[in-house]
Amino acid sequence: MQSQHHVPGFTVHLSDTGDSQETPTAGTPARGFRERRRNRHGRGLRGEIILPNLPGYRTRAERFDDLVLDSAERLQDMWGKRLDGVAFAVDEIPPNLEQLVAEGAAAPLGSYTPAAHGAGPVITIYRRVVEHTTGGREDLQDLVHDVVVEYTAEMLGVPPETLDPVYRRRYQ
């Protein structure tokens with residue numbers, strides 16, 4: 001998923017979505033199991049289980065992705081060109097979480113990977129760790145924004161307070 005503002009050079013990668021593949025013989029797109037509404041016998045779900053305007057329609061992961069996207073777009077609106085080429089990603093857990101738990105160390109809330117081999121810098125937020133750290137939904141948006149600000153400030157080499165004026169002010 002990319003940002004909605006279509007600013008050149010600014011991308012937010014939340015998850016890889018597989019595009020439907022064309023079958024060369026039939027000429028129609030091959031639909032996957034999840035994309036089919038009914039099975040081959042005409043049975044199955046006839047429509048959506050939950051309507052899009054109800055709270056349960058979006059998963060926790062999708063709502064978390066939206067929070068990261070909102071924070072990244074806020075910083076992009078404030079800093080513009082300095083954030084061109086930066087990719088914001090969401091991952092479930094850190095890659096070395098088992099080792100950190102065995103050592104008794106705290107799990108990181110995110111990570112920053114500098115630009116390498118023609119790819120831009122990547123700021124990754126770990127969804128499960130951030131959700132586990134917060135007490136509830138009310139604090140989740142604030143913590144996600146603060147984590148995005150912290151790692152973006154690390155990338156730019158500036159203090160987080162100068163990057164976003166509302167950084168950590170909600171906790172006081």
Side-chain angles (χ1 to χ4, degrees), residues 1-4 9-21 31-36 49-50 54-76 78-79 82-164 166-172:
M1 174 188 297
Q2 291 189 349
S3 67
Q4 302 295 334
F10 176 69
T11 58
V12 178
H13 299 282
L14 299 174
S15 62
D16 295 330
T17 57
D19 296 333
S20 60
Q21 303 290 327
R31 298 186 312 182
F33 178 76
R34 290 183 160 259
E35 295 173 2
R36 267 186 262 143
I49 295 175
I50 298 177
L54 296 176
Y57 181 73
R58 304 206 17 102
T59 64
R60 283 188 305 183
E62 291 170 338
R63 288 191 300 263
F64 189 88
D65 293 347
D66 289 342
L67 294 176
V68 172
L69 181 66
D70 291 343
S71 294
E73 286 177 347
R74 175 185 164 94
L75 292 177
Q76 175 65 26
M78 291 171 49
W79 286 86
R82 292 194 65 184
L83 295 180
D84 284 350
V86 177
F88 293 87
V90 174
D91 205 356
E92 291 291 314
I93 58 171
N96 58 350
L97 184 62
E98 294 84 14
Q99 180 183 6
L100 292 171
V101 169
E103 295 172 357
L109 300 176
S111 68
Y112 160 64
T113 307
H117 305 295
V122 178
I123 296 173
T124 306
I125 311 299
Y126 300 120
R127 181 176 75 87
R128 296 287 182 135
V129 178
V130 171
E131 286 179 342
H132 184 65
T133 304
T134 60
R137 278 185 163 173
E138 305 83 33
D139 300 333
L140 184 62
Q141 182 177 5
D142 295 338
L143 184 60
V144 167
H145 181 69
D146 287 347
V147 171
V148 170
V149 168
E150 286 173 5
Y151 284 102
T152 306
E154 177 186 336
M155 178 194 69
L156 296 175
V158 298
E161 294 82 13
T162 61
L163 189 66
D164 189 5
V166 296
Y167 171 75
R168 294 228 188 239
R169 291 201 180 160
R170 293 170 287 248
Y171 302 120
Q172 298 174 352

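The distance from the CG atom of L156 to the CH2 atom of W79 is 6.5 Å, given to the nearest 0.5 Å. To the nearest 0.5 Å, atom CD1 of residue I123 and atom CZ of residue F88 are 4.0 Å apart. Here NE2 of H145 is found 10.0 Å from OH of Y167. Values are rounded to the nearest 0.5 Å. Atom CG in D84 sits 5.5 Å away from atom CD in Q76 (nearest 0.5 Å). Summarising the geometry, atom CD1 belonging to I125 is positioned 6.5 Å from atom CZ belonging to F64; distances are rounded to the nearest 0.5 Å. Distance check, rounded to the nearest 0.5 Å: CD of Q99 to CD of E103 gives 4.5 Å.
The backbone N or O of T124 sits nowhere less than 3.5 Å from a side-chain atom of Y151 that would complete a donor-acceptor pair. Between the side chain of T162 and the main chain of P159, a donor-acceptor pair closer than 3.5 Å is present.
You'll find the side chain of D66 reaches within 4.5 Å of the side chain of R58, heavy atoms only.
The two residues T152 and V148 have their closest heavy-atom pair at OG1-O, 2.6 Å. Contact detail for G85 and P121: the closest heavy-atom pair is O-CD, 3.8 Å. Contact record, L100 with A107: CD1-CA, 4.2 Å, taken as the closest heavy-atom pair. Among all heavy-atom pairs drawn from L163 and V149, the shortest one is CD2-O, 3.4 Å. Of all the heavy atoms in P94 and V129, the pair that sits closest is CD-CG2, 3.6 Å. Closest heavy-atom contact between V130 and L109: CG2-O, 3.7 Å.
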- Please assess D146 against V144 for the test side-chain contact (heavy atoms from CB on, under 4.5 Å), listing each intermediate value before the final yes or no. CA-CA 5 Å; D146 287 347; V144 167; over 6 Å; no
- Given the rule in the side-chain hydrogen bond (donor to acceptor under 3.5 Å, both in side chains) test, do E62 and Y57 qualify, once you have shown the distances and angles that lead to the verdict? CA-CA 10 Å; E62 291 170 338; Y57 181 73; over 6 Å; no
- Task: Let me see the working for L75 and L83 under side-chain contact (heavy atoms from CB on, under 4.5 Å), right down to the final yes or no.
- Result: CA-CA 8 Å; L75 292 177; L83 295 180; 3.7 Å; yes
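In this structure, the salt bridge (charged side-chain N to carboxylate O under 4.0 Å, His left out) partners of R128, at least two apart in sequence or on a different chain, are E92. For E131, the salt bridge (charged side-chain N to carboxylate O under 4.0 Å, His left out) partners are R127, not counting sequence neighbours. Every residue two or more places apart in sequence or in another chain that forms a salt bridge (charged side-chain N to carboxylate O under 4.0 Å, His left out) with R74 is listed here: D164.
More than 12 heavy-atom neighbours from other residues, nucleotides or ligands sit within 6.0 angstrom of CZ on R63.
Y126 and S111 are linked by a side-chain donor-acceptor pair at a separation below 3.5 angstrom, with hydrogens and angles left out of the test.
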